Enquirer: 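Input: one structure, supplied below.
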Number of protein chains: 2
Amino acid sequence: MKCVSEKSEDKIREAAKRVFLKKGFDGTTSRDIAKEADMNIALTNYYFRSKEKLFMEIFKDLMEMYFQNIIHILNKPIDIKTKISEVVENNYRMMRQEPDLVIFIMNEIHKEPERLLVKLSLYSQLKSTLFNQQLAEGIESGVLRPVPMESILPLMTSCIEFLFLGKEMHQKVFGISAEEFEAFAENHKEHVKAMICNYLILEK
Amino acid sequence: MKCVSEKSEDKIREAAKRVFLKKGFDGTTSRDIAKEADMNIALTNYYFRSKEKLFMEIFKDLMEMYFQNIIHILNKPIDIKTKISEVVENNYRMMRQEPDLVIFIMNEIHKEPERLLVKLSLYSQLKSTLFNQQLAEGIESGVLRPVPMESILPLMTSCIEFLFLGKEMHQKVFGISAEEFEAFAENHKEHVKAMICNYLILEK
DNA sequence: GAATATTTTAAACGGTTGTTTAAAATATTC
DNA sequence: GAATATTTTAAACAACCGTTTAAAATATTC
């Protein structure tokens, strides 16, 4: 009985995740989810108490997916140049795997900022990373340009994420296919890595 | 009669623009718009034929607002470094003036990519700008790094736009107020300008 | 295998959606 | 200023929304 119920619950959860990612909270109906999961409508409220509750559960998961890897990478015992490269690569991988993730998160937070109350400990986690220590030491010794962590982190993510966020727009504006976009994004990623390192790491 | 009817029509259009920007197409009801415009519900369908028609009219306007200035700046007879600075500054000004614009556009295109069929001539316009010519010449003569226009343009916009796009998130993550965000964004903007120039313009 | 607990179902709930109607109010024409 | 055209109104429309119900189907317990 446990395995059966978990099966249905998970089926709904996964279906809801797909639909929410594509259409957002407002654009998704309970019937959309039930249809995607191929289950009765009443089951969405039987397992989760409401559409909002189901959404928040998924939203929390996706927020963690969004932030999970970056902290880990920032704490790796590797030099700062390699670290920047890894963060960008990780970001790129995530965007290719789930292109809808960032626009979904940004949009839902934009419409309902209170949803962010979930994540609060992130700043102290970021402050205490090895990356931040390396940054402070590098700036102190003059090998790094004095750029605050609060600026460096968005720089490492925004260029890649924005590209995928506006994927459809970039394709239309530049008149390229989905395949051509892939190649373009790959190339763009390399420029982003080089550009950030070039700026942060001072040559003697 | 003309001036009266235009008054009501514009009142609805402006109200709809405000509500759509804040809540998106799905999150906005006809009654929301009527209430914001302080008019009867039936008038939204009397002047515009449907919610969709009203939306598309506003969406087209906002798309033009989004792209209007950049082409003009790219054609200015100024050196490429100043040009990059102006594009970033223009972007920054736009984001401060209408912080909801980019997330709105990106989200609506993401949900309904066909809405983009409006704008098609943009690529040829971009290709024939003075900026693109300056870029080609600079690369040819070796004073500029060989970066395609398709990569340079997103770099000039993504860093600033993404910051405002995730304004609420960045505030929460870094634990800063709206005022502190303003100061931070101003500083971040300078880093972006310097970083792009530093990468594109090769020192001898 | 009868009794009990859990899961699934079809149908309905009241409320809201975008849109339409037909009459009232107002403005314009001659 | 009567006749006509335009604008605004309150009310209603069917369709859909999230959610609930109560019975049917299935699984579990003893």
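Throughout, protein chains are lettered first and strands after them, A, B, ... in sequence-line order, and every chain is numbered starting at 1. The model shown is predicted, which means the values in this text are computed figures rather than measured ones. Atom set for the values below is all heavy atoms of this structure, side chains included, hydrogens, waters and symmetry mates excluded.
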Enquirer: Looking at B/F131, I'd like to know if the NZ or CZ of B/K83 sits under 6.0 Å from its six-membered ring centre while staying within 45 degrees of the ring's axis.
Expert: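 The answer is no; the distance or angle limit is not met.
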Enquirer: Do B/Y199 and A/Y199 have their ring centres less than 6.0 Å from each other?
Expert: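 Centroid separation for B/Y199 and A/Y199: 6.0 Å or greater.
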Enquirer: Send over the distance from B/D10 CG to D/dT7 P, rounded to a whole Å.
Expert: 13 Å
Enquirer: Check nucleotides 19-26 of chain C for protein N or O atoms closer than 3.5 Å to its own N or O atoms and list the pairs.
Expert:
residue: C/dT19; atom: OP2; partner: B/K51; partner atom: N; Å: 2.7
residue: C/dT19; atom: O5'; partner: B/N45; partner atom: ND2; Å: 3.4

Enquirer: To the nearest Å, how far apart are B/I12 CD1 and D/dT9 C1'?
Expert: 13 Å
Enquirer: Whole angstrom is fine here: how far is it from CG in B/D26 over to P in D/dC17?
Expert: 11 Å
Enquirer: Cation-pi check for A/F25 against A/R115: NZ or CZ below 6.0 Å from the six-membered ring centre and within 45 degrees of the axis, yes or no?
Expert: yes
Enquirer: Return the nucleotide paired to D/dT26: Watson-Crick means purine N1 to pyrimidine N3 with N6-O4 or O6-N4, wobble means G-U with N1-O2 and O6-N3, both under 3.5 Å.
Expert: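 Base partner found: C/dA5.
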Enquirer: Return the nucleotide paired to D/dA15: Watson-Crick means purine N1 to pyrimidine N3 with N6-O4 or O6-N4, wobble means G-U with N1-O2 and O6-N3, both under 3.5 Å.
Expert: C/dT16
Enquirer: Do A/R96's NZ or CZ and the ring of A/F164 fall within the cation-pi criteria of under 6.0 Å and 45°?
Expert: no
Enquirer: For C/dA10, what is the paired nucleotide under Watson-Crick or G-U wobble rules, both distances under 3.5 Å?
Expert: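 C/dA10 is paired, partner D/dT21.
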Enquirer: How are the rings of B/F184 and B/H188 set to each other: parallel, tilted or perpendicular (split at 30° and 60°)?
Expert: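 B/F184 and B/H188: tilted rings.
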Enquirer: Can you measure B/K35 atom NZ to C/dG18 atom C1' for me and round it to whole angstrom units?
Expert: 18 Å
Enquirer: Can you measure B/L43 atom CG to D/dT9 atom P for me and round it to whole angstrom units?
Expert: 6 Å
Enquirer: What's the CZ-P distance between B/F48 and C/dG18, to the nearest Å?
Expert: 15 Å
Enquirer: Would you kindly give the CD-to-C1' distance between B/E9 and D/dT8, to the nearest whole Å?
Expert: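 Distance, rounded to whole Å: 15 Å.
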Enquirer: Does B/K189 make a cation-pi contact with B/Y92 (under 6.0 Å, within 45 degrees of the axis)?
Expert: yes
Enquirer: What is the separation between atom OH on A/Y47 and atom C1' on D/dG18, rounded to the nearest whole Å?
Expert: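 Value for this atom pair: 19 Å.
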Enquirer: Given the side-chain rings of A/F104 and A/F20, with only the six-membered ring counted for Trp, is the space between their centroids under 6.0 Å?
Expert: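 Centroid separation for A/F104 and A/F20: 6.0 Å or greater.
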Enquirer: Taking OP1 and OP2 of C/dT7, is either one under 4.0 Å from a side-chain nitrogen or oxygen of A/S8?
Expert: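 Looking at the OP1 and OP2 atoms of C/dT7, neither is under 4.0 Å from any side-chain N or O of A/S8.
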